[in-house]
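What follows is a short report on a single structure.
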Amino acid sequence: MTEVQVSPEVAGYTEVHRHPEPKSFIWKYIFSVDHKVIGIQYLLLAVVAVFVGMALSLLVRLRLIWPNESLPLLGDLFPVGAPGGVMTPEFYLAMLTMHGTVMVFMVLTTAPQGGFGNYFLPIQIGAADMAFPRLNMLSFWATFVSFMLLMAAFFVEGGAPMSGWTGYPPLSAVPEATVQGIGQDLWIASIAVFCIASLLAALNFIVTTLDLRAKGLTMMRLPLTCWTWFVTAILALLAFGVLLAAGVLLLMDRNAGTSFFVPGGLVVSDRQIDHSGGSPILWQHLFWFFGHPEVYIAILPGMGVTSHILSTFARKTVFGYKAMVYAVLAIGLLGFVVWGHHMFVSGMSPYSAFVFAILTMCIGVPSAIKTFNWIGTLWGGKIRFTSPMLYSIGFVSLFVTGGLSGIFLGQPTVDLYFHDTYFVVAHFHLIMGVAAIFGMFAGMTFWFPKMFGRMMDEGLSKIHFWTTFVGVYAIFGPMHYLGMLPHPRRYAEMSDVDYLLTTGAEGLQQFITVAAVLTILVQFLFLYNFVRGIFAGKECREENPWEATTLEWAVPSPPPHDNFAGKVPHVYRGAYDFSLQGAKRDFAMQCNDDKAVYGDQPGSGD
């Protein structure tokens, strides 16, 4: 077993049993129980999924502005959905459904929590691995199986489902309501397997955080990244079980003759369906009871990463650390009581709508606290405009912009007008989609030297930031105007909607499509920088190139198999001790005691 020297930053440590590193390639890199390898596996799966999702979004945009154009290659791949290369409206809805599903589940849920969380949570709390390493491996491979089931839906008879990523019945519950085939069944099976994988991972994250922290690492000394991964795991544990149950009931409606979500008297193609007693609204309640916490499952890890990076590169302690922690907890709690605002148009009682509207406004309070604290962290700091810092500032911008439009959608009377328009598309893409992805970009550029021992090209990262930042605003900014026209969402073309043709909507959709194409192309620059960095990036010889404070920067780059080589550091202070008065340098790592920080001068540990 390779001997690893203890970092000179570590003032004290506890020796623990070392786990032998596997020798076989299969057990080391494929069916690994090492949390770092599993984290990279999650990230690579998310990279594949995000490019699939972007390709699907490109098809959606092309069908919208050039509905009758022929794409011969598409006709060869999907002869039913695109005969002669011309996409049918049904194919458009299928691509829309799969784009949303891939991005929400396989990217926004998988990368921030499964990828970065798996890799860095144990190291940041001073643990050798996750609490249940084999369960960790099982959760990844269940996620992989889920992705494969989802992709298989493209290639079965009837093709991919077209019920939307929300899977609303009766469109999803009655096979006769859409193109015949098992694509919808595969979609449901994929979501069910993903739920199981997420439940296993959530248990692992919770137990790891509570039980495996290093000596001296109290909960109020945890990095904010650990807090957000911890709260996200709690949300996942409570939310994915509901979606799993709903998926099983939906599968039974389709194949076992039950009527959980199918109402009586439903007529499809002039034929009455033999079901009775079900309620499509029940599915909406079950789905959105999962769906709104899912928004925070996607965005909370990005909030943690942003808080972490802003403090590091502003060289300041996080402004209002405890307020940030309580805001994260409040967001997690309130996230479970606002699902009804997705259902204002479902015919709910005005009294219920009023309650959900009030609660929706309440959840804006902890979000505003975090935003003001981010600004407070930057104010007066010695800011270093590195690429991780730029992505984090971009996250704040996108989160605030998306949140402002949410104020309108949280009002029932306003939402009745906007609900089925592009205004909603713009809102949730900004706050849940690209904001979360900017958090991923920030995390990748920040932790890349620790993960791979090399640096990504800083110049390429900054070019990618600015072009992507401008690009996403060019895509989703104009959609707010389209929503005000109002331009309905989910329409495959505009040629039969006269009022849209006279309002300039067609030209705006063309502009959005051009911006989308250019923004998608720029992502290949990030992919090139990522791959090049792994194999040919500048070697990072320092443990701590960013002069950060948390425990992952007190181990070699990349970390050894069991992280601390059997010598777990003691923790003496909080996670963000920067610019301490009288200190020998402008930061103090969590594993530095007062003597290391102040020399012979008296100091304080927190």
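Predicted model, so just to flag it, every value in this text is computed and none were measured.
At a threshold of 4.5 Å between non-hydrogen side-chain atoms, the residues Trp165 and Met103 do not count as touching. Residues Pro122 and Asn563 form a side-chain contact, since some pair of their non-hydrogen atoms from C-beta on lies under 4.5 Å apart.
Between Phe526 and Phe441, the ring planes lie tilted relative to each other; the angle falls in the 30° to 60° range. Ring planes of Trp447 and His308: tilted class, angle from 30 to 60°. Between Phe465 and Phe469, the two ring planes are parallel [angle under 30°; tilted spans 30° to 60°].
Defined by atom type and a distance below 3.5 Å, a donor-acceptor pair is present between the side-chain atoms of Ser557 and Lys450. Side-chain atoms of Glu458 and Ser387 include a donor-acceptor pair closer than 3.5 Å.
Heavy-atom neighbours of Phe144 CZ from other residues, nucleotides or ligands within 6.0 Å: at or below the threshold of 12.
Evaluation of the salt bridge (charged side-chain N to carboxylate O under 4.0 Å, His left out) test over residues 517-541, restricted to residues two or more places apart or in two chains, returns Glu539-Arg541.
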Requested in this report: Given side chain to side chain contact (heavy atoms under 4.5 Å, CB included), test Arg384 with Arg315 step by step and report yes or no.
Outcome: CA-CA 8 Å; Arg384 301 175 180 178; Arg315 314 311 293 169; 3.6 Å; yes

Requested in this report: Could you walk me through whether Phe446 and Trp546 pass side chain to side chain contact (heavy atoms under 4.5 Å, CB included), step by step?
Outcome: CA-CA 8 Å; Phe446 180 68; Trp546 304 124; 3.5 Å; yes

Requested in this report: Start with the C-alpha gap between Thr468 and Tyr391, add the side-chain angles, then the distance that decides, and say whether side-chain hydrogen bond (donor to acceptor under 3.5 Å, both in side chains) holds.
Outcome: CA-CA 10 Å; Thr468 304; Tyr391 286 120; over 6 Å; no

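Listed for the Lys215 side chain is no donor-acceptor partner under 3.5 Å among the backbone atoms of Val568.
For the ring pair (Phe, Tyr, Trp, His ring centres under 6.0 Å) with His292, the qualifying choice from Phe289, Tyr296, Phe290 is Tyr296, the only one to do so.
Residues passing the side-chain hydrogen bond (donor to acceptor under 3.5 Å, both in side chains) test with Asn592, sequence neighbours excluded: Glu9, Arg585.
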